[in-house]
Amino acid sequence: MRIIVTGGAGFIGSALVRHLLDHTAYEVLVVDKLTYAGNLASLASVQGEPRYHFRLTDIANRSAIADIFSSFDPDAVMHLAAESHVDRSIDDPAEFINTNVVGTSVLLDAALAHFRTPGTRARGFRFLHVSTDEVYGTLKDEGRFTEETRYDPRSPYSASKAASDHLVRAWSHTYGLPILLINCSNNYGPYQFPEKLIPLTIIKGLLGEAMPLYGRGLNVRDWLFVEDHAQALTLVLEQGSVGQTYNIGGNAERRNIDVVTAICDAMDALIPCPTGASYRELIAFVSDRPGHDFRYAVDFTKLSMQLGWSPKHSFEAGLIKTVKWYLENRAWWQPLLSSHKGGGGRPLAKKSA
């Protein structure tokens with residue numbers, strides 16, 4: 001099989017590419033425009049692999065995408081390219097609409113034209129679209145999001161992803177494009193850009209800087225280790241039923257304050273805090289994010305019952321693995337601190353490590 005992975009130089013995308021090349025015989029073409037969150041260093045382990053290819057391309061570039069489909073002749077598309085940070089979407093929603101909505105529509109048009117090419121249909125072409133649990137809105141009770149939960153996006157980011165989901169389903173219903181749709185919970189693990197909660201907390205701690213935490217840290221998220229996600233995506237591509245949506249979660253609901261204190265405790269056990277005290281003393285509560293959703297939790301019973309999937313990593317094991325990776329891979333994240341800013345133009349760090 002030949003597979004196009006859009007956003008393959010990003011956090012989840014690079015984990016997926018590494019998984020495909022390590023655990024399957026597939027040929028993989030990464031399509032990525034290398035925004036701040038795309039990093040070819042995340043694919044260093046597959047450089048030189050003859051089944052790996054890369055194209056520097058914006059998914060909203062219609063002619064370039066058409067050329068890629070024509071020259072590579074894929075058997076499947078795994079679409080992960082997206083602007084994904086909520087804070088950035090609040091500051092600049094237009095960029096999210098362009099990439100997440102317009103870019104997805106361009107890919108769908110190219111995929112449909114490819115699917116209609118003689119011979120492609122017989123090969124079982126698939127378009128797998130990766131989305132987020134944030135399209136479902138927020139939870140206040142003990143329930144979880146299922147594949148039947150009504151959409152209720154609350155941020156420009158989640159609204160743009162919800163729009164892309166609707167487009168994917170429309171291309172399936174109207175044109176017969178064989179699609180699969182994924183809604184996943186919060187991912188964490190190695191190679192995640194430092195603006196996200198877990199890597200930001202780890203790196204701030206290593207620098208002896210304040211670890212920012214919105215509000216009182218009581219918002220709840222379900223955490224999914226990225227390597228488990230990559231394995232689930234591959235399974236859905238290979239065995240999922242065309243036209244179906246599958247939720248993927250980590251079965252690991254945690255309050256943000258509990259996530260941050262768990263990171264602090266892990267770091268206390270692994271490396272002394274630069275201040276000489278516990279890393280917990282660096283936690284700093286900051287003004288809450290506008291429209292901050294209170295709780296997300298994902299029910300992945302459908303995926304478990306139909307395809308036999310469940311996460312292999314507990315939150316505790318995945319977090320230790322993640323903390324150790326950031327401790328051991330400063331060469332990957334240090335350059336990002338000076339060359340990029342977080343959402344709202346805020347620096348990722350006040351000084352170099």
Side-chain angles (χ1 to χ4, degrees), residues 2-21 26 28-43 46 52-69 71-72 74 76-86 88-89 92-112 114 126-132 134-135 156-169 171 177 179-184 187 191-193 195-196 226 229-230 233-234 236-237 248 340:
R2 290 184 297 276
I3 301 177
I4 291 174
V5 178
T6 71
F11 168 47
I12 301 173
S14 64
L16 174 62
V17 171
R18 294 190 301 270
H19 177 83
L20 290 171
L21 293 172
Y26 301 157
V28 178
L29 171 62
V30 170
V31 176
D32 201 299
K33 71 175 182 178
L34 296 181
T35 64
Y36 74 95
N39 190 345
L40 287 178
S42 301
L43 295 170
V46 301
Y52 164 73
H53 314 279
F54 176 80
R55 285 285 295 271
L56 178 63
T57 304
D58 186 340
I59 60 169
N61 185 328
R62 192 171 294 273
S63 62
I65 293 298
D67 176 68
I68 287 170
F69 272 83
S71 60
F72 189 66
V77 175
M78 303 181 81
H79 175 35
L80 292 87
E83 294 286 346
S84 65
H85 192 48
V86 174
R88 289 180 184 268
S89 80
D92 185 13
E95 187 64 27
F96 284 69
I97 293 167
N98 184 62
T99 297
N100 299 353
V101 182
V102 177
T104 297
S105 73
V106 169
L107 280 172
L108 287 168
D109 283 344
L112 181 60
H114 180 68
R126 300 287 184 269
F127 186 100
L128 186 150
H129 174 66
V130 180
S131 188
T132 172
E134 296 187 41
V135 299
Y157 161 61
S158 58
S160 68
K161 289 299 290 183
S164 69
D165 293 3
H166 292 322
L167 289 175
V168 170
R169 291 192 179 97
W171 260 245
L177 184 68
I179 64 98
L180 296 154
L181 203 150
I182 299 296
N183 294 97
C184 69
N187 278 230
Y191 298 100
Q192 189 169 27
F193 190 74
E195 70 186 355
K196 300 289 188 172
V226 70
H229 190 189
L233 292 176
T234 306
V236 170
L237 179 71
I248 303 178
H340 297 287

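Side chains are part of it too, since the values below use all heavy atoms of this structure and drop only hydrogens, waters and symmetry mates. Predicted model, so just to flag it, every value in this text is computed and none were measured.
Annotation for Asp32 and Ala9: closest pair OD2-N, 3.0 Å, computed over non-hydrogen atoms. Pairing each heavy atom of Ser164 with each of Thr104, the nearest pair is CB-OG1, 3.7 Å. The shortest non-hydrogen separation linking Asn100 to Ala82 is OD1-CA, 3.2 Å. Nearest approach of Ala60 to Val102, heavy atoms of both residues: CB-CG1, 4.4 Å. Closest approach of Leu167 and Ser105 over heavy atoms only: CD1-CB, 4.1 Å. When all heavy atoms of Val17 and Gly8 are compared, the pair lying nearest together is CG2-O, 4.0 Å.
Between the side chain of Ser14 and the backbone N or O of Phe11 there is at least one donor-acceptor pair closer than 3.5 Å. Side-chain atoms of Thr57 never come within 3.5 Å of backbone atoms of Val31 as a donor-acceptor pair (strictly under, hydrogens ignored). Side chain of Arg2 to main chain of Leu29: no donor-acceptor pair is present (N/O by atom type, distance under 3.5 Å, no hydrogens or angles). Between the His114 side chain and the Pro74 main chain, a donor and an acceptor come within less than 3.5 Å of each other. Within the 3.5 Å criterion, the main-chain N or O of Tyr157 finds a donor-acceptor partner in the side chain of Ser160. Using modelled atom types, no side-chain atom of Lys161 and backbone atom of Glu83 make a donor-acceptor pair closer than 3.5 Å. When atom types are taken as modelled, the side chain of Thr6 and the backbone of Leu80 share a donor-acceptor pair closer than 3.5 angstrom.
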Residue pair Leu107, Phe69: steps toward the side chain to side chain contact (heavy atoms under 4.5 Å, CB included) verdict = CA-CA 10 Å; Leu107 280 172; Phe69 272 83; 4.3 Å; yes
message = Using the rule given for side chain to side chain contact (heavy atoms under 4.5 Å, CB included), can you reason through Glu134 versus Ser84, listing the C-alpha separation, both sets of side-chain angles and the distance that settles it, and then say yes or no?
response = CA-CA 11 Å; Glu134 296 187 41; Ser84 65; over 6 Å; no
query = How far apart are the C-alpha atoms of Arg55 and Phe72, what are their side-chain angles, what is the distance that settles it, and do they pass the side chain to side chain contact (heavy atoms under 4.5 Å, CB included) test?
reply = CA-CA 11 Å; Arg55 285 285 295 271; Phe72 189 66; over 6 Å; no
key: Test log, rule side chain to side chain contact (heavy atoms under 4.5 Å, CB included), inputs His229 and Ile12   = CA-CA 8 Å; His229 190 189; Ile12 301 173; 3.7 Å; yes
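Using a 4.5 Å heavy-atom threshold, the side chains of Ser89 and Phe96 count as touching. Here the side chains of Leu34 and Phe54 are in contact, with some heavy-atom distance below 4.5 Å. Counting only heavy atoms from C-beta outward, the side chains of Leu112 and Phe127 never approach each other to under 4.5 Å. In this structure, Val130 and Leu128 have side chains that are in contact, with non-hydrogen atoms separated by less than 4.5 Å. Side-chain contact between Arg18 and Tyr191: present, with at least one pair of heavy atoms (C-beta onward) separated by less than 4.5 Å. By the 4.5 Å heavy-atom criterion applied to side chains, Ile59 and Val106 are not counted as neighbours. The shortest distance between side-chain heavy atoms of Leu16 and Val28 does not fall below 4.5 Å. Within the 4.5 Å cutoff, the side chain of Leu237 has heavy atoms near those of the Met78 side chain.
Ionic pairing of Glu95 and Arg88 is not present here: no N-O contact between side-chain nitrogen and carboxylate oxygen is shorter than 4.0 angstrom.
Between the CG atom in Leu20 and the CG atom in Leu233 there is a gap of 9.0 Å [rounded to 0.5 Å]. For the atom pair Arg126 CZ and Leu177 CG, the distance stands at 10.0 Å (nearest 0.5 Å). Going from atom CD1 of Ile248 over to atom OG of Ser131 covers 11.0 Å, rounded to the nearest 0.5 Å. The CG atom of Leu180 sits 11.5 Å away from atom NE2 of His129, with the distance rounded to the nearest 0.5 Å.
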